[in-house]
Amino acid sequence: QVQLVESGGGLVQAGGSLRLSCAASGRTNSRFAMGWFRQAPGKEREFVAAITWSGDNTFYTNSVKGRFAISRDDAKNTLYLRMNSLRPEDTAVYYCAAAPRRSYSQIDYNYWGQGTQVTVSS
């Protein structure tokens with residue numbers, strides 16, 4: 001089992017920045033790909049970014065490319081999402097998740113955090 005806990009969400013003005021963190025505990029010696037997803041009010045949860053277990057490759061949905069950066073520090077068992085140039089449409093609950101391999105699909109992720117709210121005001 002892997003437990004994931006997100007933090008770092010909050011209220012920010014459009015154009016601002018936030019860094020989300022996801023602390024992992026439990027079976028952290030296993031090699032998991034990690035991802036960030038988000039769910040806006042009234043919408044389905046969607047893929048945001050993913051990183052391979054080695055950290056060598058990252059993947060993003062088109063709407064955040066060039067603005068968001070996913071990274072991991074395995075020594076700290078922590079996943080990050082740096083979000084710059086935030087827009088009101090980035091407002092959502094952000095979830096981190098772990099999967100046996102990198103994937104864009106939620107069904108491939110076995111473990112999920114509880115989510116952290118990000119609100120971007122215009």
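- Judged by distance alone, with hydrogens and angles left aside, the side-chain atoms of Q114 form no donor-acceptor pair with the main-chain N or O of V5 at under 3.5 Å.
- Both Y109 and V93 belong to a common hydrophobic cluster when Ile, Leu, Val, Met, Phe, Trp and Tyr are linked at side-chain heavy-atom distances under 4.5 angstrom.
- For the ring pair (Phe, Tyr, Trp, His ring centres under 6.0 Å) test, residues two or more places apart in sequence or in another chain that qualify with W112 are F37.
- Of all heavy-atom pairs between T119 and Q117, the closest is OG1-NE2, 3.3 Å.
- Looking at V48 and Y60, their side chains never come closer than 4.5 Å, going by heavy atoms from C-beta outward.
- Proximity of L79 to I51: side-chain heavy atoms (C-beta onward) are separated by under 4.5 Å at one or more points.
- Considering every non-hydrogen atom in both S21 and T78, the closest pair reads CB-CG2, 4.2 Å.
- Smallest separation of non-hydrogen atoms from L81 and A49: CD1-CB, 4.3 Å.
- Side-chain atoms of R102 never come within 3.5 Å of backbone atoms of T58 as a donor-acceptor pair (strictly under, hydrogens ignored).
- Between P88 and S122, the closest heavy-atom pair is CG-CB, 3.8 Å.
- By the 6.0 Å contact criterion, CZ on R101 is open, its count of non-hydrogen atoms from other residues, nucleotides or ligands being 12 or less.
- Within the model, atoms CZ of F32 and CG of N110 stand 6.5 Å from one another, a figure rounded to the nearest 0.5 Å.
- Looking at residues two or more places apart in sequence or on another chain, you find no side chain to side chain donor-acceptor pair (under 3.5 Å) involving S7.
- Hydrophobic side-chain contacts under 4.5 Å tie L11 to no other Ile, Leu, Val, Met, Phe, Trp or Tyr residue.
- Atom CZ of residue R87 and atom OG of residue S63 lie 7.5 Å apart, to the nearest 0.5 angstrom.
- A side-chain N or O of N84 and one of S17 form a donor-acceptor pair less than 3.5 Å apart.
- Residues C22 and W36 have side chains in contact (heavy-atom distance under 4.5 Å, counting atoms from C-beta outward).
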Exercise for review: Check step by step if side chain to side chain contact (heavy atoms under 4.5 Å, CB included) holds for R19 and M83.
Suggested key: CA-CA 6 Å; R19 188 180 77 162; M83 305 186 295; over 6 Å; no
Exercise for review: Could you please spell out the steps behind the side chain to side chain contact (heavy atoms under 4.5 Å, CB included) verdict for L4 and M34?
Suggested key: CA-CA 11 Å; L4 302 172; M34 301 293 294; 4.0 Å; yes
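- Among residues at least two apart or in separate chains, salt bridge (charged side-chain N to carboxylate O under 4.0 Å, His left out) pairs with a member in residues 41-52 are R38-E46.
- Legend: salt bridge (charged side-chain N to carboxylate O under 4.0 Å, His left out) pairs involving residues 53-67, not counting sequence neighbours, sorted by first then second residue: R67-D90.
- Residue pairs meeting the ring pair (Phe, Tyr, Trp, His ring centres under 6.0 Å) criterion with at least one partner in residues 62-104, sequence neighbours excluded, are F47-Y104.
- When every heavy atom of V2 is checked against every heavy atom of A24, the shortest pair comes out as CG1-CB, 4.4 Å.
- Under a 3.5 Å cut-off, the side chain of S54 and the backbone N or O of T52 do not form any donor-acceptor pair.
- Counting heavy atoms from C-beta on, the side chains of L18 and V118 come closer than 4.5 Å.
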